[in-house]
Asker: 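First the structure, which I've put down as structure tokens, then a few questions once you've had a look.
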Amino acid sequence: MSSPPRKNFLVKSEPSEYSIQQLQQDHHQEWDGVRNYTARNHLNTMKPGDKCFFYHSSCKLPSIVGTCRIARAAQPDQTAVNPKHKNFDPKSTESNRWVSVLVEFEALFETSITIKELRMQATINPVIANMSLLRQSRLSVMPVSDEEWQAVLDLQTRKEQGEDLEQLQQQIQTKEKQRRTKRTEKVAVTTSTS
DNA sequence: GCCAACGTTGGC
DNA sequence: GCCAACGTTGGC
């Protein structure tokens with residue numbers, strides 16, 4: 001019996017709250033405190049072995065900074081029904097509606113991929129452009145397709161090998177601008193000679 | 001600190 | 001079920 005195909009996700013955390021460096025030290029961490037239905041639904045689809053990009057949000061350089069694995073499927077989020085916990089949800093005390101998963105450290109990227117780089121790449125790569133991270137900026141737990149997963153890893157490898165992802169994009173933009181200018185000039189000439 | 005893009009709440 | 005008001009997220 002073969003195991004179901006691995007799925008990919010992206011989880012966000014403010015590094016001032018909980019960073020990937022902290023996860024690297026802890027090895028495992030209960031991913032609790034998610035209080036959004038869409039994000040929760042994604043938590044519920046997670047299975048042990050699934051992979052996640054770890055994203056640092058609300059910081060100097062918002063970036064995909066590494067990866068982690070799902071170590072345990074979703075179970076009721078105990079912090080939601082604990083009145084003393086900062087993530088206590090008063091409306092959850094009767095029937096806890098929130099869940100948490102257990103994540104396990106996998107890798108810290110040598111070079112992070114910033115949201116800025118992703119947005120630049122999005123203009124030339126439709127796979128990147130379609131990522132939930134760019135389309136639903138407020139979602140904290142989201143699926144990542146195999147294609148998207150690979151595209152980000154490819155970017156990461158290229159950056160690690162010294163390629164300037166923003167520089168490349170600027171060159172392309174300059175070329176496009178030149179093409180547009182040429183076209184405009186051509187039109188201008190055609191118009192003036194007619 | 002600003003603001004856009006949402007998600008949630010509650011009156012009707 | 002609609003929608004206005006309000007709250008939150010997160011990039012900049």
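In what follows, chains carry the letters A, B, and so on, assigned in the order in which the sequence lines appear, proteins first and then strands, with residues in each chain numbered from 1.
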Asker: Would you say A:Glu147 has more than 12 foreign heavy atoms packed within less than 6.0 Å of its CD?
Answerer: no
Asker: Students often get this wrong, so: under 4.0 angstrom with heavy atoms, is A:Arg119 touching a base, only sugar-phosphate, or nothing?
Answerer: sugar-phosphate
Asker: Got a sec, which residues hit salt bridge (Lys or Arg N to Asp or Glu O under 4.0 Å) with A:Asp32, two or more places apart in sequence or on another chain?
Answerer: none
Asker: Answer yes when A:Arg35 and A:Asp77 have at least one side-chain N-carboxylate O distance shorter than 4.0 Å, and no when they do not.
Answerer: yes
Asker: Tell me, please, which residues at least two apart from A:Lys116 pass salt bridge (Lys or Arg N to Asp or Glu O under 4.0 Å).
Answerer: A:Glu166
Asker: What's A:Lys12 touching, base or sugar-phosphate or nothing? Going by heavy atoms closer than 4.0 Å.
Answerer: sugar-phosphate
Asker: Using a 4.0 Å cut-off on heavy atoms, which residues in residues 52-66 of chain A reach DNA chain B? List them by number, or say none.
Answerer: none
Asker: With A:Tyr37, which residues qualify under ring pair (Phe, Tyr, Trp, His ring centres under 6.0 Å), at least two apart?
Answerer: A:Trp98
Asker: Going by side chain to side chain contact (heavy atoms under 4.5 Å, CB included), A:Phe54 matches just one of A:Leu10, A:Val103, A:Leu23. Which one?
Answerer: A:Leu23
Asker: Going 5' to 3' along DNA chain C, between which two nucleotides do contacts with chain A fall, using a heavy-atom cut-off of 4.0 Å?
Answerer: C:dG7 to C:dC12
Asker: If the condition is salt bridge (Lys or Arg N to Asp or Glu O under 4.0 Å), which residues does A:Glu14 pass it with, not counting sequence neighbours?
Answerer: none
Asker: Heavy-atom distance under 4.5 Å between the side chains of A:Glu148 and A:Asn8, does that happen here?
Answerer: no
